[in-house]
Amino acid sequence: MSERRYDPKTIEPKWQEVWEREHTWEVSNEPDGRKKSYVLEMLPYPSGEPHIGHLKNYALGDAMAHFHRRTGHQVLHPMGYDAFGLPAENNAIKTGVHPREATNQSIAAFRHWFHRWGISIDWSREIASHDPAYYRWTQWIFLRMFERGLAYRKEAAVNWCPNDQTVLANEQVIDGRCERCGAVVEVRQLEQWFFRITDYADRLLDDLDKIDWPRHVKIMQRNWIGRSAGAQVVFRCEELEIDYPVFTTRPDTLFGATFFVMAPEHPDVFKLVAGTEHEHEVHEYVNRVLSESFEDRGAAEKPKTGVPLGRTVTNPVNGEQIPMYVSDYVLMEYGTGAIMAVPAHDERDFAFAQRFGLEIRRVVGTDEELPYTGDGPMTNSSSLFDGMDNRRAYEAIVHWLELEAKGSPSVNYRLRDWLLSRQRYWGCPIPVVYCERDGIVAVPDEDLPVDLPEIEDFQPKGRSPLAAATDWVNTSCPRCGGPARRETDTMDTFVDSSWYFLRYCDADNDEAPWDRAVIDRWMPVDQYIGGVEHAILHLMYARFFVKALADMGLLGVQEPFQALFTQGMILGPDGHKMSKSQGNVISPAPIVDRFGADAARAYVLFIGPPDQDAAWSDTGVEGVERFLARLWRLGDALAHEPEGAQPRAAEPPPAPEGSSLFLVRKANWAIEKVTRDMTGRFAFNTAIAAIMELVNEVYRHLDADLDARRFAIATAASLVFPFAPHLGAEVYEMLTGERVWEKPWPAPDPAMLQSDSFQLVCQINGKVRDRVEAPTGAPREELERLCREAPNVRAHLDGHEVVKVIVVPDKLVNLVVR
RNA sequence: GCGGGCGUGGCGAAAUCGGUAGACGCGCCGGCUUUAGGUGCCGGUGGGCUAACGCCCUUGGGGGUUCAAGUCCCUCCGCCCGCACCA
């Protein structure tokens with residue numbers, strides 16, 4: 001055999017086989033006395049092969065899982081696939097390959113790479129959302145929602161993607177464009193299925209305080225829910241004898257309301273304008289606005305437009321008749337679809353008033369420039385309130401409105417109900433039928449799953465391709481037995497991923513989605529890891545599902561993910577987001593082939609703080625590979641040194657001195673450092689740096705005793721295991737004959753964390769002037785004396801008077817001189 | 001516009017509690033090993049001045065608090081992310 005060298009190509013398959021053969025990472029649902037820990041990375045959407053972001057995601061999660069196992073936890077670390085979705089279907093339209101076939105192929109590729117990366121997954125719990133054994137329970141959960149009115153059908157103005165030929169949830173529209181394909185979204189009036197997530201708005205908001213999530217993700221969710229407290233106030237149109245309630249967050253400005261505006265979609269607009277001189281103009285205006293895209297209408301900067309309705313309403317606080325308008329800056333979906341306009345204290349109303357020459361009446365403040373949205377004394381309102389602080393007047397006015405039955409406190413949310421139906425094929429069928437006699441009827445539980453039928457033409461035609469599967473569509477009503485048609489829309493794939501973490505707990509259960517006792521044991525997920533792009537969609541929906549299921553008594557937790565970590569992206573070598581068109585895509589496959597899975601994994605963790613974006617560097621991964629090879633060589637050399645050739649426990653020598661003592665100390669320092677970096681924070685980059693330091697020191701102290709070197713290298717192997725598991729296992733075994741993952745995480749020896757002496761920093765006026773060796777724990781006087789005696793300090797002290805001495809024990813002395 | 005984050009060597013970064021700025025890695029320079037290249041090992045590497053001991057400057061700019069500031073406060077500039085007619 002030629003010269004021995006670090007060869008991941010033999011080491012990695014060797015350990016992967018052991019773990020597979022022995023089912024090492026499988027975990028029982030039976031408690032075994034250890035604390036449970038549920039470590040989960042967001043499940044992948046299987047499309048093609050895994051990319052570098054997947055590698056980072058699972059390398060991160062795996063490091064956490066290993067660390068938790070070795071710190072005494074029973075760890076659940078499963079894997080699955082978010083297998084339904086548009087890309088596979090669009091691919092089918094293009095290539096004719098059935099979405100199932102393409103998806104299954106991709107799943108096989110992902111599975112293959114997870115093995116080759118050596119991710120410690122409990123494969124006995126593997127799931128895929130397109131598997132009837134899984135989506136049966138997605139449908140089951142839908143029915144439970146339906147029974148409680150949490151899933152309902154209604155006609156509404158919805159977002160329609162003309163390219164994907166389907167409706168989209170509010171959350172899937174970004175800047176007026178389809179999140180997936182980028183087409184400009186249209187507004188359509190359609191009957192669709194919704195989840196009543198708005199019922200949970202307050203709880204989704206309040207419970208954010210209970211979970212350990214990044215601040216910015218919580219803020220994004222808070223903003224998305226958009227809770228506003230204010231009042232509902234009734235304005236009456238006397239001519240038509242209709243009351244129009246409006247929502248306002250500023251009831252204190254009611255006396256400044258000088259006009260009234262309705263959304264173009266408001267159902268009463270045509271009724272109000274009928275018979276007035278503006279009738280024709282209003283019809284034209286409304287039609288034009290409704291045909292405008294989301295994008296065109298949305299811009300805040302565009303000049304205000306609108307048309308008078310030729311009617312007035314009465315301001316309830318002062319009886320004034322104020323003119324009514326229709327304008328597209330008022331949204332039908334928020335509040336009541338009508339507003340009171342206070343131009344002096346609202347920028348939008350101000351712009352509208354200027355454009356249409358309407359009165360702008362200050363009611364708050366004194367001489368601030370208008371529009372003024374701040375606080376101040378009330379004015380021009382009523383003798384009751386003028387002079388009063390506007391915040392106090394707010395309360396008083398709401399109170400008065402309540403007494404007069406003209407208004408009441410009210411809360412509004414930006415959050416809308418979750419539109420879940422999609423007019424597409426490759427998704428979970430919605431388990432209801434439409435019966436001529438009984439209307440919407442749920443498919444009974446025992447008939448689940450409603451199978452996704454086979455079809456040939458995936459081309460969308462403005463209705464679900466499933467509608468063409470007539471044999472499947474035509475069925476009988478479960479209630480009356482008469483003819484009925486199946487629902488042909490499928491579910492948004494976010495429904496599938498809103499509960500998958502629950503299914504992992506009890507993946508084989510075919511009696512129920514899960515057993516309550518089992519789920520109570522594992523939930524919540526202790527550490528969730530994924531990309532920040534899911535900050536709103538998936539993370540909000542999953543929280544909603546868990547709360548709804550908890551309300552049904554199916555779960556005992558209110559939150560799915562106790563702690564969340566959002567990883568940064570790996571950018572291309574040019575520092576830009578990887579994309580095929582940019583030609584800067586780094587694929588993990590050749591990297592793993594060339595450097596090994598351990599080097600690839602350790603590199604993406606070493607590249608920088610894991611929550612930050614970082615550019616890929618080929619020389620960077622080479623550097624990490626070099627480090628792993630150095631560690632391997634030291635292990636190999638020690639395992640072949642005549643005296644150390646027999647594997648045995650790697651204990652530090654009893655009374656080390658010199659280089660040996662130094663190495664034992666360094667190893668203990670590394671244990672302490674790596675442990676601290678992995679606990680509470682995710683500083684894998686500095687943890688790996690510490691192991692590098694340890695390895696470097698062994699090279700520099702080859703004169704140390706064999707046992708000291710063995711201890712240092714076995715420690716390095718043990719510490720590197722969560723990041724480079726194959727190499728860690730290999731080196732540890734070479735030295736000790738033992739399996740590192742079965743060994744507890746090392747604990748530092750406190751006696752070895754401290755040295756007898758330290759470098760005392762000697763400062764004068766805060767500037768470092770010298771450094772001297774000083775005994776650890778020396779009293780302040782002695783430190784001061786040592787500092788004063790330091791050669792360069794003496795030189796600087798010459799002729800100066802010391803007016804103050806600051807001593808930081810075991811660290812520094814600062815002499816303040818004049 | 002509102003909200004959040006960030007700004008440190010040639011590059012990725014570290015400094016966790018206000019106490020030695022630049023750990024670790026990349027790159028670069030030099031040495032040893034090698035027939036040579038590569039690999040490997042050792043050393044050097046923020047800027048300026050100096051023969052040297054050393055000295056001065058340096059964490060986006062300016063100001064402040066402090067014995068001491070990358071870290072705290074004020075202010076300005078730049079970049080990134082989220083939301084954006086939500087009454």
Side-chain angles (χ1 to χ4, degrees), chain A residues 3 5 174-175 214-224 226-228 230 246-250 253 257 261 297-302 304 327-331 333-342 345-349 351-352 412-416 532-533 535-536 575 603 606-609 611-624 626-627 629-630 633 673 676-677 680-681 683 685-693 695-696 699-700 702 759-771 791-792 795-796 803-808 811-817:
Chain A
E3 188 199 351
R5 56 182 195 86
I174 310 292
D175 294 332
R215 199 154 72 118
H216 66 281
V217 176
K218 289 190 184 183
I219 288 169
M220 279 202 255
Q221 291 217 348
R222 280 200 190 96
N223 290 344
W224 190 262
R227 184 182 198 274
S228 300
V246 300
F247 173 72
T248 178
T249 54
R250 295 292 304 275
T253 64
V261 191
R297 183 170 165 185
E301 309 81 35
K302 82 167 188 176
K304 294 282 176 283
S327 173
D328 64 358
Y329 83 93
V330 176
L331 309 173
E333 314 89 79
Y334 188 76
T336 61
I339 62 155
M340 68 175 208
V342 184
H345 305 289
D346 181 282
E347 282 169 27
R348 298 150 299 178
D349 298 344
F352 191 90
N412 259 270
Y413 302 91
R414 214 190 78 113
L415 183 70
R416 310 281 149 79
V532 74
E533 64 273 17
I536 293 168
Y603 173 62
F606 179 68
I607 193 169
D611 56 338
Q612 230 171 76
D613 293 351
W616 179 268
S617 149
D618 276 333
T619 51
V621 70
E622 282 169 27
V624 169
R626 213 152 27 229
F627 152 66
R630 278 160 67 82
R633 274 197 305 274
K673 168 77 176 154
R676 201 152 34 91
D677 283 350
R681 52 186 227 154
N685 54 331
T686 50
I688 292 169
I691 307 168
M692 287 174 170
E693 281 192 57
V695 170
N696 289 343
Y699 272 94
R700 289 179 198 133
L702 293 174
Q759 288 257 308
L760 177 69
V761 173
C762 307
Q763 294 182 336
I764 292 175
N765 288 345
K767 281 192 194 304
V768 180
R769 290 305 179 193
D770 216 335
R771 295 180 176 88
N792 201 40
H796 278 84
V803 292
K804 193 170 179 184
V805 180
I806 313 284
V807 180
V808 182
K811 198 143 232 166
L812 65 78
V813 173
N814 186 16
L815 305 176
V816 185
V817 305

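Lettering follows sequence order; numbering is per chain, from 1. Reckoned from all heavy atoms, side chains included, excluding hydrogens, waters and symmetry mates.
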Base, sugar-phosphate or nothing for [X]? Non-hydrogen atoms, less than 4.0 Å.
X	answer
A:R676	base
A:V330	base
A:E347	nothing
A:I607	sugar-phosphate
A:R633	sugar-phosphate
A:G335	nothing
A:Y699	sugar-phosphate
A:R626	sugar-phosphate

>> Please compare A:V808 and A:D349 by the position of their nearest nucleotide in RNA chain B and report the one closer to 5'.
In response: A:V808
> Pick the nucleotide of RNA chain B nearest each of A:M220 and A:T686; which residue has the one closer to the 5' end?
Replying inline: A:T686
Should [N] form a Watson-Crick or G-U wobble pair with both distances under 3.5 Å, which nucleotide is its partner?
N	answer
B:rC72	B:rG64
B:rC6	B:rG78
B:rU34	none
B:rA51	none
B:rC28	B:rG44
B:rU16	none
B:rA21	none

>> Can you tell me whether the side chain of A:N814 and the base of B:rC67 have a donor-acceptor pair closer than 3.5 Å?
In response: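 Side chain to base: pair present.
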Identify which nucleotide among [options] has an atom closest to any side-chain atom of [X], counting heavy atoms from C-beta outward.
X	options	result
A:R630	B:rA13, B:rC41, B:rG12	B:rC41
A:R681	B:rU16, B:rA23, B:rA87	B:rU16
A:F247	B:rC24, B:rA87, B:rU20	B:rA87
A:H216	B:rG4, B:rC85, B:rU16	B:rG4
A:I806	B:rA13, B:rC67, B:rG3	B:rC67
A:Q763	B:rA23, B:rU20, B:rG4	B:rU20
A:P609	B:rC26, B:rA84, B:rA13	B:rA13

Nearest-angstrom distance, [atom1] atom, [N] to [M]:
N	M	atom1	result
B:rC28	B:rG3	C1'	43 Å
B:rC73	B:rU65	P	15 Å
B:rG70	B:rU8	C1'	7 Å
B:rG60	B:rG78	C1'	7 Å
B:rA21	B:rU75	C1'	25 Å
B:rA14	B:rA68	P	28 Å
B:rA69	B:rG64	P	13 Å
B:rG7	B:rC76	C1'	14 Å

> How are the rings of A:Y329 and A:F352 set relative to one another: parallel (under 30°), tilted (30 to 60°) or perpendicular (over 60°)?
Replying inline: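 Geometry flag for A:F352 against A:Y329: tilted rings.
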Side-chain ([X]) to main-chain ([Y]) donor-acceptor, under 3.5 angstrom:
X	Y	result
A:D770	A:N792	yes
A:N765	A:V817	yes
A:N814	A:G766	yes

Within the 4.5 Å heavy-atom criterion, are [X] and [Y] side-chain neighbours or not?
X	Y	value
A:K304	A:V261	no
A:M340	A:T253	yes
A:Y603	A:E622	no
A:M220	A:V532	yes

In whole Å, what is the span from the [atom1] atom of [X] to the [atom2] atom of [N]?
X	N	atom1	atom2	answer
A:L760	B:rG19	CG	C1'	12 Å
A:K673	B:rU16	NZ	P	9 Å
A:Y334	B:rC83	OH	P	17 Å
A:R771	B:rG19	CZ	C1'	12 Å
A:N696	B:rG40	CG	C1'	14 Å
A:D677	B:rC24	CG	C1'	12 Å
A:D613	B:rC81	CG	P	9 Å
A:L812	B:rA68	CG	C1'	8 Å

> Pick one: which of A:V807, A:V768, A:V761 meets side-chain contact (heavy atoms from CB on, under 4.5 Å) with A:L812?
Replying inline: A:V761
> Which pair of non-hydrogen atoms, one from A:S228 and one from A:Y334, has the smallest distance, and what is that distance?
Replying inline: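 In this case the closest contact between A:S228 and A:Y334 is OG-OH, 3.4 Å.
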>> When you compare the side chains of A:N696 and A:R630, does any donor N or O come within less than 3.5 Å of an acceptor on the partner?
In response: yes
>> Looking at B:rC24, I'd like to know if its phosphate oxygens (OP1 or OP2) sit under 4.0 Å from a side-chain N or O belonging to A:N685.
In response: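 False: A:N685 side-chain N/O out of range (4.0 Å or more) of B:rC24 OP1/OP2.
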>> Base contacts versus sugar-phosphate-only contacts with protein, heavy atoms under 4.0 Å: please encode nucleotides 51-57 of chain B as B, S and - from 5' to 3'.
In response: ---SSSS
> Is B:rG27 in the syn range, within 90° of 0, or in the anti range?
Replying inline: anti
> Under the rule syn = chi within 90° of 0, otherwise anti, which is B:rC17?
Replying inline: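 Syn.
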